[in-house]
There are 2 protein chains.
Amino acid sequence: MVARPEKGQEKGMPQYRRLYEVLRRHINEGVYNEGDLLPSENELCSVYGLTRPTVRQALSELVSDGYISKQQGRGSIVNKLPQGIGILSVSGTTSALKNKNLKTRIIVKPAMRPWPEGFMFRLSDLELESGCIYMTRLRLLDDEPIFYDISFIPAINLPRFTSRSYENRSLFEILRREYQVEIKGGEQRIRAIKADDELCSWLRIRPGDPVLHMERKMVTNRPDLKVYSSIYCNTRFHSIYGTF
Amino acid sequence: MVARPEKGQEKGMPQYRRLYEVLRRHINEGVYNEGDLLPSENELCSVYGLTRPTVRQALSELVSDGYISKQQGRGSIVNKLPQGIGILSVSGTTSALKNKNLKTRIIVKPAMRPWPEGFMFRLSDLELESGCIYMTRLRLLDDEPIFYDISFIPAINLPRFTSRSYENRSLFEILRREYQVEIKGGEQRIRAIKADDELCSWLRIRPGDPVLHMERKMVTNRPDLKVYSSIYCNTRFHSIYGTF
DNA sequence: ACAAACAACTTGTATATACAAGCATGTATA
DNA sequence: TATACATGCTTGTATATACAAGTTGTTTGT
């Protein structure tokens, strides 16, 4: 087993990543259910033609993303899939929602803007010079507005970004598919605030109602490119769910 | 972030964990500052007498705990230490706060109770039979109440638990030191709610003010033992900070 | 029937090695 | 001078192997 076969390479992904994607899809699609044991590491090795360290790397990412737990001597146990809104997990909000009717509506189409004064996170010089792509979206669950979010993306090497269609597509998905940008992690601040008039109109709530506000800074596989968003969430009927 | 043994027990630890602890302490103590590069993996190998996979395991835990970032071709970069309230990390709220004056006041001392009707998480039969240890605490930052939290712990093999002193000690710390119980992760639901009268009196806010509510279920190294808590947080002056 | 011992699995830790890919800094060339 | 390239560093990916440690089921001895 010398060089990797160049043809069947899905997107040039490393092998551990490919196994990760396969197993994650199987879990999401119900091939494995809550409490099931995944095939043992050695089985995965022989099935996929990998060695144990490689398989273990795929599994350890599944662990840190909350899909499985491992127990020494027993195996890899499939976790219950998140039932709430998995926005605390990086893997993308849409994937965790399965059967729910999640729609995304663009309020302000992606467009270049200067960065706001007193931005929520500190920006690098490169980011400041490049300007930012600004967009706001409303996300609805069963036709009820849940998220109002404002995204800020530094306009660094993202050709034709402002002319794409974002309706009902995850922003992260577009970044990954069209620009090979993957979210790798980030930081966030969360607080509860009172809704102002603008929020009320978007989220269809009353002034003074409590709203969850998240400010996030996400780092990607491109060291210069970070994605910022400010998310307002009506948690009256849905709560934000996450694992850690 | 995952709780890890304190530095007293650096004997039985695996080597990668020992290196993790050393580097983490160095970062916390300012031996390395924000933006600094850690020694390269090969340097760490020769200094600590380890091989690269072992060193990489230590580093990868530092990455997933948010202490460093890595960049191919450059090195391991020390991150800015969290400045907010790191309660989204399990490692215990106290550790991330260091220089702030965080006090814990017990409102209801740990005592046995039946589980509440309609508990926030589904309980196993064993948990239901065993009954629960109930306690409530108030946590103050610079003498201002920030957290009001209610903890539920199944009374499974935790002798003398209700007779210990918890003032100004992390609940997790006691579980770890006295019972060898380590928090390994968990899940949580977060929402913004309106403060009711009871919350107002504890958190010194006005009725109707927005409050952050977190419901968490934490799993431990003891498969049967889970810890539940319901946390109310006044985010008027402090926001909840976390990495992912 | 029961309990201890064992065997056969599982994941956890660790070594040793190799090459690929990305970054920084030099030096040689245009 | 400025661009191109070469070099030597960094981390990323992957193989191959070995033994430790924990769990589970079976076998064996009493």
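Below, read A as the first sequence line, B as the second, and so on, with proteins coming before strands; counting in each chain starts at 1. Quick caveat: nothing in here was measured; it's all calculated off a predicted structure.
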Exercise. Any Lys/Arg nitrogen of A/E41 or A/R56 sitting under 4.0 Å from an Asp/Glu carboxylate oxygen of the other?
Worked result: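 Yes, this pair counts.
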Exercise. Thinking salt bridges, do A/R17 and A/E61 make one under a 4.0 Å N-O criterion?
Worked result: yes
In this structure, how many angstroms lie between the [atom2] atom of [N] and the [atom1] atom of [X], rounded?
X: A/N42; N: D/dA18; atom1: CG; atom2: C1'; value: 13 Å
X: A/K70; N: D/dG22; atom1: NZ; atom2: C1'; value: 14 Å
X: B/I77; N: D/dT10; atom1: CD1; atom2: P; value: 14 Å
X: A/R52; N: C/dT10; atom1: CZ; atom2: P; value: 10 Å
X: B/L62; N: D/dT11; atom1: CG; atom2: C1'; value: 15 Å
X: B/Q72; N: D/dT13; atom1: CD; atom2: C1'; value: 9 Å
X: B/R17; N: C/dT13; atom1: CZ; atom2: P; value: 8 Å
X: A/E61; N: D/dA14; atom1: CD; atom2: P; value: 11 Å

Problem set entry | Aromatic plane relationship, A/F152 with A/F119 - under 30° parallel, 30 to 60° tilted, over 60° perpendicular |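 Answer is perpendicular, since the angle exceeds 60°.
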Exercise. Under 3.5 Å, is there a donor-acceptor pair linking the side chains of A/D149 and A/S229?
Worked result: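 A/S229 and A/D149 do not have a side-chain donor-acceptor pair below 3.5 Å.
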Using only side-chain N and O atoms of [X], determine if any of them is under 4.0 Å from OP1 or OP2 of [N].
X: B/R74; N: C/dG22; result: no
X: A/S76; N: C/dT11; result: yes
X: B/S40; N: D/dT10; result: yes
X: B/Y16; N: C/dA14; result: no

Exercise. Of the nucleotides C/dA16, D/dT23, D/dT11, which one has an atom closest to the side chain of A/Q71?
Worked result: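 Selected nucleotide (nearest to the side chain): D/dT23.
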Exercise. Out of D/dA14, C/dC23, D/dT15, which nucleotide sits closest to the side chain of A/P14?
Worked result: D/dA14
For this session: State, with a plain yes or no, whether a side-chain heavy atom of B/Y20 is found less than 4.5 Å away from one of B/V55.
Result: no
Problem set entry | Residue whose nearest DNA chain D nucleotide is more 5′ - A/Q57 or A/G73 | A/Q57
